Amino acid sequence: QVQLVESGGGLVQPGGSLRLSCAASGFNFKDCAIGWFRQAPGKEREGLSYINIGDGSTFYQDSAKGRFTISKDDAKNTVYLQMSSLKPDDTAVYYCAAAITGWGLVPTGDYEYHYWGQGTQVIISS
């Protein structure tokens with residue numbers, strides 16, 4: 001059974017940092033890409049960053065460049081999203097998702113991701 005579990009969300013003041021985790025199980029971790037997405041109230045889901053587990057290739061959408069860093073721990077089957085210089089506009093539910101894909105491929109469309117976690121809430125407020 002494929003399972004993705006996000007954690008690490010919470011309430012942070014503007015300018016602060018958070019590290020989100022996405023723990024994956026139920027499939028061959030090496031044969032996938034993991035993406036981080038978010039959805040703010042009243043807005044469409046937005047892709048942020050993606051990583052190919054096989055070779056570590058990454059891609060960042062413009063909204064994530066410079067402030068967010070995606071990384072992985074193969075031994076723990078976990079992908080992280082380190083977020084810094086957080087702003088109130090970063091408030092959203094953050095999701096990770098898995099796409100079963102080939103070595104080095106980094107899908108960026110949310111329709112390409114087959115398995116989704118339940119999300120973790122991030123609130124940026126003073």
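Heavy atoms only: backbone and side chains are in, while hydrogens, waters and symmetry mates are out. If you're wondering where the values come from, they're calculated on a predicted model, not measured in any experiment.
- Residue L4 belongs to a hydrophobic cluster whose other members are V2, V12, L18, L20, F27, F29, I34, W36, L48, I51, I53, Y60, F68, I70, V79, L81, M83, L86, Y94, I100, Y115, V122, I124, with links defined by side-chain heavy atoms closer than 4.5 Å.
- For S7, the side-chain contact (heavy atoms from CB on, under 4.5 Å) partners are S21, not counting sequence neighbours.
- Closest of all the heavy-atom pairs between Y113 and G35 is CE2-N, 3.4 Å.
- Residue L105 holds its CG atom at 12.0 Å from SG of C32, rounded to the nearest 0.5 Å.
- Applying the salt bridge (charged side-chain N to carboxylate O under 4.0 Å, His left out) test to pairs two or more places apart or on separate chains, those with a residue in residues 96-119 are R45-D110.
- Salt bridge status for D90 with K87: absent, with no side-chain N to carboxylate O gap under 4.0 Å.
- Note: E44 CD to F37 CZ = 13.5 Å, rounded to the nearest 0.5 Å.
- Closest approach of A33 to P107, counting heavy atoms only: CB-CD, 3.6 Å.
- Using a distance-only test at 3.5 Å, with no hydrogens or angles considered, a donor-acceptor pair links the side chain of Y50 to the main chain of T108.
- Here the closest heavy-atom approach between residue S63 and residue E46 is recorded as OG-OE2, 2.8 Å.
- The CD atom of Q121 sits 10.0 Å away from the CG atom of L11 when rounded to the nearest 0.5 Å.
- Under the salt bridge (charged side-chain N to carboxylate O under 4.0 Å, His left out) criterion, no residue pair touches residues 3-28, with sequence neighbours excluded.
- Contact detail for R38 and A92: the closest heavy-atom pair is CB-CB, 3.9 Å.
- Side-chain atoms of T78 come within 3.5 Å of backbone atoms of K76 as a donor-acceptor pair (strictly under, hydrogens ignored).
- When hydrophobic residues (I, L, V, M, F, W, Y) are linked wherever their side-chain heavy atoms come within less than 4.5 Å, Y111 remains an isolated member.
- Hydrophobic clustering, defined by side-chain heavy atoms of Ile, Leu, Val, Met, Phe, Trp and Tyr closer than 4.5 Å, leaves V5 isolated from every other such residue.
- Listed here is the closest heavy atom pair of S85 and S17: N-OG, 4.4 Å.
- When each of D74, D55, N52 is checked for a side-chain hydrogen bond (donor to acceptor under 3.5 Å, both in side chains) with K30, only D74 meets the rule.
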